[in-house]
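Below is one structure, written out as structure tokens; comments come after it.
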Amino acid sequence: MRVHAALFALIVAVPALVAAQGAPIRVHAATVLDGTGRTLRNATVVVQGSKITAVETGTPAGATYNLGQVTILPGMIDVHAHIGWHFDRAGRYAANPGSPAQEILYAAENAWVTLLAGFTTIQSPGSPNDVELREAIARGVLPGPRILTSIRQLNERSGTPDEIRQKVRQLKADGADVIKVFASASIRDGGKQTMTDEQLKAACGEAKSIGIRTMVHAHSAESVKATVNAGCDQVEHGVLLDQEALTLMAAKGVYFDPNVGVVLQNYLANKAKFLGIGNYNEEGFAYMEKGLALNAAMIKKAVATPNLKMVVGTDAVAGAHGHNADEIVARVKQGNQKPMDAIVSATSMAAKSLGLDKTIGTLAPGYEADLIALDGDPLTDITAVTRVAFVMKGGKVYKFNGETARGARASR
Ligand SMILES: [Zn+2]
């Protein structure tokens, strides 16, 4: 009798499963930006399982999600977000880690708010906890963006060039997606070059030879130039760089990830929560205050530098998760970047910087079904990137705000 009931359940369940896999999800909107710079009007993204199978134009015969007057684009990518950083229960920056359970739960909260903000992939530069979080999200149960992580960092105290090469190999063996290197001091400590040229060459040279990317924290002009000359792949921050450094990055095809819209603003807004911990002192905050104006001038120069491959990264720390899109707004408003270029920086170009340009960052057949919808048109009002009405990642819908999506109507 018991066997009979189980068999019956199986027979009922199997056709339902087949039907779910067989029926494509069709997401329609007035405007679709494909992530490479193309705009489609009255378009539908067709999704089968976790992948996009078609992008069609014209009035849909039947859309699973007819989102109306919104703008669909690929899920956004933040190439620099510290997904584990959080304020503790006392509302202070947790310089001393809590229990492992607390730490991973804070990271999971950050992952959730980041996904809801329309970011379906982030690169974390990085914490050992990221590995567990990356894998839990990849299993498809815990909601969050895809995570790439450096696990640990290398800096001027990482040893001789030989010791550094060994550490790079160990990081790859431990499952790192990228090598994070500190070529300069923090902006709170003046931003001068800290690693020797030999150390930098060892880190980036070894990484290149074993096929793993490098992202390098560098503020001063000399540290940025040393990073480029060492053969590294990507420069982070660059608050104090000059035109020569920008031109050198463009000439060598090095990705540049300036952070002008989120990180310093977040530190200053949350000063009381950081003050008194490590280099979060009055002098450090004075440097960050100055950094706002330096960034505003730097981003204009960066945008105006021909062929510079700029990607979107926020350096999101405690308090900033879920506000990642403010970086895109700042690139346009402070840096005079064209809205479409800023969107490409956060989608297909960011994907390319991660070595994932055949997988994410573009709405085209064969790509992962990571797509979001914005309430508004970011090409005429860039702040639309902060109004995310719909989030799908890997074919699964995590957010569908029918009220925000004007005229939206779901037929299922
Ligand atoms: Zn950082």
Side-chain angles (χ1 to χ4, degrees), residues 77-87 93-95 106-107 110-111 114 119 121-130 133-134 145 147-156 158 171 176-195 203 213-220 223-224 227 232-241 255-268 270 273-274 277-280 284-285 287-288 291-292 294-295 298-299 310-324 326-327 330 346 350 353-354:
I77 299 168
D78 185 339
V79 303
H80 191 141
H82 296 273
I83 199 69
W85 285 39
H86 60 87
F87 297 126
Y93 167 57
Y106 278 120
N110 290 340
T114 301
F119 284 78
T121 301
I122 63 126
Q123 177 163 256
S124 172
S127 139
N129 280 352
D130 293 348
L133 186 65
R134 175 184 72 187
I147 292 178
L148 290 87
T149 178
S150 73
I151 309 177
R152 298 183 292 276
Q153 298 86 29
L154 300 175
N155 60 33
E156 74 277 13
S158 295
L171 279 162
D177 301 291
V178 61
I179 305 293
K180 170 75 189 291
V181 181
F182 278 87
S184 88
S186 159
I187 191 68
R188 290 178 292 284
D189 298 315
K192 288 209 165 54
Q193 186 173 340
T194 46
M195 278 178 111
R213 294 173 299 109
T214 42
M215 60 190 298
V216 182
H217 164 116
H219 280 298
S220 68
S223 65
V224 171
T227 297
C232 309
D233 296 312
Q234 183 166 312
V235 169
E236 311 298 310
H237 318 308
V239 174
L240 303 165
L241 54 63
Y255 288 99
F256 180 41
D257 170 28
N259 319 116
V260 301
V262 175
V263 63
L264 296 182
Q265 290 85 345
N266 178 74
Y267 275 132
L268 293 164
N270 291 293
K273 298 178 181 178
F274 288 97
I277 298 163
N279 62 6
Y280 297 103
F285 272 92
Y287 267 123
M288 292 199 283
L292 287 178
L294 293 169
N295 266 340
M298 178 272 284
I299 192 66
M310 253 201 310
V311 288
V312 164
T314 60
D315 200 7
V317 295
H321 300 287
H323 302 285
N324 314 61
D326 290 350
E327 181 67 32
S353 78
L354 303 177

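Counting starts at 1 for both ligands and their atoms, following the listed order.
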Inset, instruction - Look at the side chain of N155 and the backbone N and O of F182, then say whether any donor-acceptor pair between them is shorter than 3.5 Å. - result: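 Not confirmed, N155 side chain does not pair with F182 backbone.
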Legend entry - Side-chain donor/acceptor of D130 to backbone N/O of S127, under 3.5 Å: yes
Legend entry - R188 to F274 six-membered ring, cation-pi geometry met (6.0 Å, 45°): no
Legend entry - Residue list, salt bridge (Lys or Arg N to Asp or Glu O under 4.0 Å) with R152, at least two apart or on another chain: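 Testing R152 for salt bridge (Lys or Arg N to Asp or Glu O under 4.0 Å), a comparison that skips the adjacent residues, returns D174.
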Legend entry - Partner residues of D326 under the salt bridge (Lys or Arg N to Asp or Glu O under 4.0 Å) criterion, sequence neighbours left out: none
Inset, instruction - Please indicate how many protein N/O/S atoms are found closer than 2.8 Å to the Zn ion (ligand 1), with waters neither displayed nor included. - result: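 Count of protein N, O, S atoms less than 2.8 Å from the Zn ion (ligand 1): 3.
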Inset, instruction - List in chain and number order the residues that pass side chain to side chain donor-acceptor pair (under 3.5 Å) with H82, two or more places apart in sequence or in another chain; answer none if no residue qualifies. - result: H80, D315
